[in-house]
Amino acid sequence: MPTQSTASSVQNELTGPLPGHPHVHRQQGQLFVEGCSLNDLAAQHGTPLFVYSKAAMRGALAAYQRGFKGRNAQICYAMKANSSLAILQFFAQQGCGFDIVSGGELARVKAAGGDLSKVIFSGVGKTRTEMRAALEAHIACFNVESEAELSVLNEVALSLGLRARISVRVNPNVDAKTHPYISTGLKGNKFGIAHEDALSVYQRAAALPGLHVVGIDCHIGSQITEVDPYLEAMDRVLDLVAQIEAAGIPLHHIDFGGGLGIDYNGDTPPAADQLWALLLAKLDARGYGQRQLMIEPGRSLVGNAGVCLTEVLYLKAGEQKNFCIVDAAMNDLPRPAMYQAFHHIVPVLEHAAETKLYDVVGPVCESGDWLGRDRFLNVSPGEVLAVLSTGAYCVSMASNYNTRGRAAEILVEDTQAQLIRRRESIEDQLALEQLL
Ligand SMILES: *Cc1c(COP(=O)(O)O)cnc(C)c1O
């Protein structure tokens with residue numbers, strides 16, 4: 001039997017700022033992002049609709065900037081988190097560089113007016129074409145992830161008469177048992193070079209004429225909410241810096257990657273400035289405090305700046321569950337289907353407390369197409385829900401599955417709302433194809 005409850009839900013109790021979302025708040029029963037009513041934005045622009053707060057992005061970036069005050073540090077926004085041009089333009093205007101993972105992302109940095117000399121190129125599968133484009137753009141550094149990639153990059157650089165500035169991405173193998181949620185810095189995944197092999201790989205790189213070794217890089221995972229794995233990884237990386245420099249290979253910068261988590265559901269990651277106070281103390285203690293630092297944060301700069309608005313289409317009492325069928329789906333917001341990720345879902349107009357338990361699902365023909373499970377909601381068809389914490393890894397992961405056009409995006413600053421991506425039309429989708 002579908003569960004019925006009169007207990008007031010978490011979401012209906014929310015007044016004032018929402019947890020983890022200082023720029024999303026309720027005012028006289030209506031949900032706002034900064035000074036813009038979400039109900040009004042949905043009525044004006046339709047749904048699904050992503051709405052981002054500029055103040056939230058500015059605040060998230062400011063925490064890193066405070067943490068690095070007085071240091072030689074470059075923040076390179078990991079743009080795969082949200083690569084919409086206006087978002088990139090905003091970070092470029094704030095002085096950020098970019099961590100890219102494809103030639104397409106390089107083209108986006110150019111289109112957004114970003115500074116190419118602050119671009120670093122990560123990823124395990126860079127093609128020769130992508131290498132050439134990045135070399136010709138004179139990016140800051142390639143983060144190389146294998147010996148095979150070193151050889152190819154050397155060849156490509158020589159063929160252009162250029163030298164590629166490189167870091168090697170090392171794998172600090174931070175203990176999995178104590179920190180089960182970080183995965184990319186462990187043995188047995190596809191990223192980086194094993195700690196034990198790092199010195200010999202650096203020696204090889206230093207001997208290749210098309211390469212110029214400038215730094216060292218690591219990135220231990222994503223949605224990290226504890227300090228300890230970072231501290232451990234920093235120690236392991238600094239051990240390598242000492243070894244590599246003792247072998248006569250100077251390292252101009254240390255790139256410590258990204259990965260800081262956000263509050264999706266009561267998560268309590270350290271604040272960026274507090275985390276960096278601890279990491280900088282470690283760097284200082286070991287004599288590396290004045291070295292150039294680079295970081296590659298993605299999620300923590302944009303994740304909690306965004307909400308996704310979606311209209312309730314139908315309520316359906318299933319045999320075992322109630323379903324709240326909405327017009328956003330896994331193609332718009334893939335994190336629940338991909339990672340079973342949790343996102344708060346709240347009505348944009350406040351309601352009386354009587355609620356029912358629902359699975360919130362999309363229209364896509366897959367059982368994996370759900371946005372939230374077992375949520376207490378009091379809603380009717382035609383109403384708008386806000387899916388929270390959807391600024392990162394949502395639009396940038398969106399697809400056209402089921403021939404659904406990708407959602408529109410709005411950037412809010414105070415009472416101003418600007419459309420930064422129009423809704424994708426069916427003409428947009430069909431334009432690439434040809435009949436027999
Ligand atoms: C994805 C990624 C990042 C950003 O990770 P977040 O968890 O979004 O901060 C940084 N560096 C590399 C190499 C990545 O692959």
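Because the structure is a prediction, the values reported are computed rather than measured. Residues: numbered from 1 along the sequence shown. We count ligands from 1, going down the list as the structure has it; atoms in each ligand are counted the same way.
For atom 2 (C) of ligand 1, the nearest non-hydrogen atom from the set Q223, K80, E296 belongs to K80.
At a 4.0 Å cut-off, at least one heavy atom of P297 sits close enough to ligand 1 to count as contact. Residue Y393 places a heavy atom under 4.0 Å from ligand 1. At a 4.0 Å cut-off, not a single heavy atom of G257 sits close enough to ligand 1 to count as contact.
R128 and E155 are joined by a salt bridge, as a carboxylate oxygen and a charged side-chain nitrogen come within less than 4.0 angstrom of each other.
For G298, a nitrogen or oxygen atom sits less than 3.5 Å from a nitrogen or oxygen atom of ligand 1, counting backbone and side chain alike. The N/O atoms of G221, backbone and side chain alike, include none that comes under 3.5 Å of an N/O atom in ligand 1. Note: no N/O pair closer than 3.5 Å links S300 and ligand 1 by distance alone.
Within a 6.0 Å sphere centred on CD of Q30, heavy atoms belonging to other residues, nucleotides or ligands number more than 12.
A distance below 6.0 Å separates the ring centres of W276 and F68. Aromatic ring centroids of Y264 and F342 lie 6.0 Å or more apart.
Scanning the protein for heavy atoms near atom 5 (O) of ligand 1, the closest one is H219 CE1, 3.4 Å.
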